[in-house]
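In what follows, a structure is listed as structure tokens, so that the remarks can point back to it.
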There are 2 protein chains.
Amino acid sequence: MSVVRLASARAAAPKPAANTNAKPDWLDTIIKGDCVAALDALPEKSIDVIFADPPYNLQLEGDLHRPDQSKVDAVDDHWDQFESFQAYDAFTRAWLLAARRVLKPNGTIWVIGSYHNIFRVGASLQDIGFWILNDVIWRKTNPMPNFRGRRFQNAHETMIWASRDQNAKGYTFNYEALKASNDDLQMRSDWLFPICNGGERLKKDNGDKVHPTQKPEALLARILMSSTKPGDVVLDPFFGSGTTGAVAKRLGRHFVGIEREQAYIDAAAARIEAVEPVDAATLKLVTSKRAEPRVAFLTLVESGLLQPGAVLTDARKRWEATVQADGSLAHGGEQASIHRMGAKVQGLDACNGWTFWHFESGSGLEPIDALRAEIRKGIAAAGA
Amino acid sequence: MSVVRLASARAAAPKPAANTNAKPDWLDTIIKGDCVAALDALPEKSIDVIFADPPYNLQLEGDLHRPDQSKVDAVDDHWDQFESFQAYDAFTRAWLLAARRVLKPNGTIWVIGSYHNIFRVGASLQDIGFWILNDVIWRKTNPMPNFRGRRFQNAHETMIWASRDQNAKGYTFNYEALKASNDDLQMRSDWLFPICNGGERLKKDNGDKVHPTQKPEALLARILMSSTKPGDVVLDPFFGSGTTGAVAKRLGRHFVGIEREQAYIDAAAARIEAVEPVDAATLKLVTSKRAEPRVAFLTLVESGLLQPGAVLTDARKRWEATVQADGSLAHGGEQASIHRMGAKVQGLDACNGWTFWHFESGSGLEPIDALRAEIRKGIAAAGA
DNA sequence: AGACGACCTGAATCTTGGA
DNA sequence: ATCCAAGATTCAGGTCGTC
């Protein structure tokens, strides 16, 4: 991979190839311009894989503050604003159609989104004729909490992986490599990665983030390692901070980026320039750092290992409490978590409820941690 | 909850309620018939939560309402596919509209699906006016492997949780109970459960499974514990083997099922009949602070817990303010509520005065929230 | 040097009730 | 319907300064 050249959409127009071995001038460049116009200027059937991170169409009303009153830096950029679902659908269809034209017959496309937009994207993909191969969940190790306690913590994003046509069977999927890298188990459709922060996150001189939604390189690495081969051409029509380009170069794939904002282009070009390609064979897939999967006490109740109404005691039977259907413990007219209730009855500040509370098993008193261990045995196969 | 009575859609038609305390005759029954017709026969705004597991195979041509009944000949694959999606969308819109009519204004709906149908369902939900609150991922501990090795192992299903309208803020979400049951961490949008097999899986005499897609009770238990209260009415328009009804009965919720196939109805009715409801006392949810009675700061002064002229400080004694006889705080020549004054001294927009301001008790600095708790204890004793 | 703690931040459709 | 005020609410992890 050579230097990153920047070209306008016009300059990137396809030329009659006098020498078919010549590298197209749009390869390994960032094209500045509107994504549909730029796609239309590329030759058809020239791209192996498309990764797209389109605007999510978040519909934010007021400001959101954390409990400490600090303000959440929201994604309120103009490019994420659409008038209606209809307008968003029109935008989606337009770029998906343009993307499909440049995709090779056996090429595949990845699109990432959240519940705000992913259902519309998925339906448009199907309407246009793409064939969904998988939806893949990016589980975040460190998602932003829900600050007002009115919903579940939004802890994942959804990716759709689709082939160009229902009958395109020749797409690239490195099944064996993925399996070998995953303890000889098939790679599942739920992946666990941290969000992009720390040293990987691009910052301006003033410390502000360069791009509001920079994706982690580990996520792109798994995508490219699973569905491309070395030398393939990867296109990203919403290039942003250039994660796709950086990972493609590192893994020996070619890239094409399309981006409207000059500031993003500049940052991405400098970033990619600094990337050292590695031998793909040496790339290790990121695996979970977490030792033991977290198990909710509620899961023990839901799974029937403990019935609501069951009585738990401490090891010396000095205190007891009743298991509630909601996964709390009741004692003396009050309800709290296993930990809080353990602390409360002892008059302490904190307590590990898993080891404090016991249940009567066939062979005597056992800590509820034994039941957690059973659950964990069942879920070991699912990964952390 | 009484016996499971079976009623036809016609028999379930709403009747003028002579006695508003009478239990509707469709409650805790399985209605046999087409889902849209049966929904249309129920009274509007009568359901608290809907759980729906709609079919997604497209071989239901006869059951789906095609916009154009005429046969299209010589269709190519692409057109045929488009027609199929269109038919599925029409079916989806029809039952979602009927479902929305019977939902209470603050009711919510859960729909589960896979990548085959969930994008269409999600887009239809949004188009109709439902407001998505979360998408929740059911991660399977033991999913079926991908036998051909051509895709990722399909290890999850997607659920969409939505309110009836964008502005319906009063929906039930048992945030505190979920948090208490999850190691005191808020519940995430990715849930881990085994698929339904073993003793829970309904089998025919010949060993065949009764229903192809029986959902695990643990999954429904989490759904109902998170978004319903005891006594709520839960409707399942694709009742199948009756998991929704069985879990609702066990957890002290009412159910309504709609199902076309007599074999499923028979199996579900027998299954639900055998369910033992858990003890009502164990169904009590961890209380949220929002649900507790409001106490005016003035009450603390009136009741003598705080004297006018008493000095309050923050936890680190950086600021102080004087209690006024009218229940305000004075500081720097100004008077304001405990909240406004807390915000003012810190230079913030908002502040919870109950936890910010402290008083000197015998055993050190305590938040005035402790005094509010005392008042509330008195209110509870009086039988609020 | 290393431990500790205060502080900051991330794709967010994030309150409720009474006048 | 709108307006206003009460008051409820966060997890993982990185950075940086202090001891």
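So you know, we letter chains A, B, ... as the sequences are listed, proteins then strands, and number each from 1.
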> Parallel, tilted or perpendicular: which describes the rings of B/Trp110 and A/Phe152, with under 30° parallel and over 60° perpendicular?
Replying inline: perpendicular

>> For B/Tyr175 and B/Phe173, take the angle between the two ring planes, folded into 0 to 90°, and tell me which bin it lands in: parallel under 30, tilted 30 to 60, perpendicular over 60.
In response: tilted

>> Counting only side-chain nitrogens and oxygens, does B/His339 get under 4.0 Å of the OP1 or OP2 atom of D/dG7?
In response: yes

>> Please tell me if B/Lys179 has a side-chain N or O lying less than 4.0 Å from either OP1 or OP2 of D/dT10.
In response: yes

> After noting the C-alpha distance and the side-chain angles of A/Asn197 and A/Lys209, does the key distance pass the side-chain hydrogen bond (donor to acceptor under 3.5 Å, both in side chains) rule?
Replying inline: CA-CA 10 Å; A/Asn197 56 14; A/Lys209 52 197 175 193; over 6 Å; no

>> Please determine whether any donor N or O and acceptor N or O are separated by less than 3.5 Å between the side chain of A/Lys215 and the base of C/dA11.
In response: yes

> Roughly, in whole Å, what's the span from CG in B/Asn167 to C1' in D/dT2?
Replying inline: 13 Å

> Which part of the nucleic acid does A/Pro54 contact within heavy-atom distance under 4.0 Å: base, sugar-phosphate only, or nothing?
Replying inline: base

> In whole angstroms, how far is the C1' atom of D/dA12 from the CE atom of A/Met144?
Replying inline: 12 Å

>> Is it the case that the side chains of B/Arg222 and A/Thr299 hold a donor-acceptor pair, with the cut-off being a distance below 3.5 Å and no angle test?
In response: yes

>> Could you tell me how far apart A/Lys140 (NZ) and C/dT9 (C1') are, to the nearest whole angstrom?
In response: 13 Å

> Rounding to a whole Å, what distance do you find between B/Gln186:CD and D/dC11:P?
Replying inline: 5 Å

>> Tell me the interatomic distance from A/Leu58, atom CG, to C/dG10, atom C1', rounded to whole angstroms.
In response: 13 Å

>> Taking the minimum atom-to-atom distance to the side chain of B/Trp354, which one of D/dA8, C/dT16, C/dT9 wins?
In response: D/dA8

> Given D/dC4, is OP1 or OP2 found less than 4.0 Å from the side-chain N or O atoms of B/Arg340?
Replying inline: no

>> Quick check: on DNA chain C, is the nucleotide nearest A/Gln214 upstream (toward 5') of the one nearest A/Pro145, or the reverse? Name the residue that is more 5'.
In response: A/Gln214

> D/dG7 pairs with which nucleotide, Watson-Crick or G-U wobble, both distances below 3.5 Å?
Replying inline: none

> Mind checking the P distance from D/dG7 to C/dA12? Whole angstroms is fine.
Replying inline: 30 Å

> Within the structure shown, what part of the strands sits under 4.0 Å from B/Ile132 by heavy-atom distance: base, sugar-phosphate, or nothing?
Replying inline: base

>> Quick check for you: among D/dC11, C/dA12, C/dA11, whose closest atom lies nearest to any side-chain atom of A/Gln153?
In response: D/dC11

>> When you measure from the side-chain N and O atoms of A/Ser114 to the phosphate of C/dA11, is any distance below 4.0 Å, counting only OP1 and OP2?
In response: no

> Given the C1' atoms of C/dA11 and D/dA8, what is the spacing between them in whole Å?
Replying inline: 25 Å

>> Please pick, from C/dA12, C/dA11, D/dA8, the nucleotide with the shortest atom-to-atom distance to any side-chain atom of B/Ala350.
In response: D/dA8

> Given C/dC14, is OP1 or OP2 found less than 4.0 Å from the side-chain N or O atoms of B/Arg290?
Replying inline: no

> At under 4.0 Å between heavy atoms, what does A/Arg150 touch on the DNA or RNA strands: base, sugar-phosphate, or nothing?
Replying inline: sugar-phosphate

> Is any side-chain nitrogen or oxygen of A/Lys209 closer than 4.0 Å to OP1 or OP2 of C/dG10?
Replying inline: yes

> Who does C/dC14 pair with, Watson-Crick or G-U, both distances under 3.5 Å?
Replying inline: none

>> From the set D/dA8, C/dA12, C/dA11, return the single nucleotide nearest to any side-chain atom of B/Lys289.
In response: D/dA8

>> If I pick the P atom on D/dA12 and the same atom on C/dC14, what distance separates them, to the nearest angstrom?
In response: 23 Å

>> How many whole angstroms separate atom CZ of A/Phe152 from atom P of D/dC11?
In response: 15 Å

>> With nearest nucleotide decided by heavy atoms, which residue, B/Gln126 or A/Asp68, maps closer to the 5′ end of DNA chain C?
In response: A/Asp68

> Choosing from C/dA11, C/dG10, C/dC7, which nucleotide comes nearest the side chain of A/Asp73?
Replying inline: C/dG10

> Any idea which of D/dG7, D/dC11, C/dA11 is nearest the B/Leu185 side chain?
Replying inline: D/dC11

> Taking it one step at a time, do A/Gln262 and A/Asp266 satisfy side-chain hydrogen bond (donor to acceptor under 3.5 Å, both in side chains)?
Replying inline: CA-CA 6 Å; A/Gln262 190 62 47; A/Asp266 294 342; 2.8 Å; yes

>> Under 4.0 Å, counting only non-hydrogen atoms across every strand here, what does A/Gly62 touch: a base, just sugar-phosphate, or nothing?
In response: base

> Would you say C/dT15 has OP1 or OP2 under 4.0 Å from some side-chain N or O of A/Arg148?
Replying inline: yes

> Can you check the A/Phe147 CZ to D/dT9 C1' distance for me, whole Å?
Replying inline: 9 Å

>> For D/dG14, give the paired nucleotide (Watson-Crick: N1-N3 plus N6-O4 or O6-N4; G-U: N1-O2 and O6-N3; both under 3.5 Å), or none.
In response: C/dC7

>> For a quick test of reading the model: is some side-chain N or O of B/Tyr175 closer than 4.0 Å to OP1 or OP2 of D/dT10?
In response: yes

> If we take the P atom in both D/dT9 and C/dT9, what is their distance in whole Å?
Replying inline: 24 Å

> Counting any heavy atom closer than 4.0 Å, what does A/Asp80 reach on the DNA or RNA strands: base, sugar-phosphate only, or nothing?
Replying inline: base

> Could a donor-acceptor pair under 3.5 angstrom be found where the side chain of B/Glu176 meets the base of D/dT9?
Replying inline: no

> Picking from C/dT16, C/dG10, D/dA8, which would you name as closest to the side chain of B/Asn352?
Replying inline: D/dA8

> Between atom CG of B/Leu312 and atom CZ of B/Phe359, what is the distance when rounded to the nearest 0.5 Å?
Replying inline: 9.0 Å

> Does the side chain of B/Gln126 reach to within under 4.5 Å of the side chain of B/Ile132, using non-hydrogen atoms?
Replying inline: yes

>> OP1 or OP2 of D/dC11 versus the side-chain N and O atoms of A/Asn142: is any pair under 4.0 Å?
In response: no

> Is it true that A/Lys215 and A/Asp236 have a side-chain N and a carboxylate O under 4.0 angstrom from each other?
Replying inline: no

>> Over all strands shown, is B/Ser337 touching base, sugar-phosphate only, or nothing at heavy-atom distances under 4.0 angstrom?
In response: sugar-phosphate

> How long is the line joining CD of B/Glu292 and C1' of C/dT16, in whole Å?
Replying inline: 15 Å

> Of all the choices, D/dA12, D/dT10, C/dA11, which nucleotide is nearest to the side chain of A/Arg201 once you look at every atom?
Replying inline: C/dA11

> Under 3.5 Å, is there a donor-acceptor pair between the A/Asp135 and B/His156 side chains?
Replying inline: yes

> Quick one: does B/Arg372 reach the base of D/dG7 with a side-chain donor-acceptor pair under 3.5 Å?
Replying inline: no

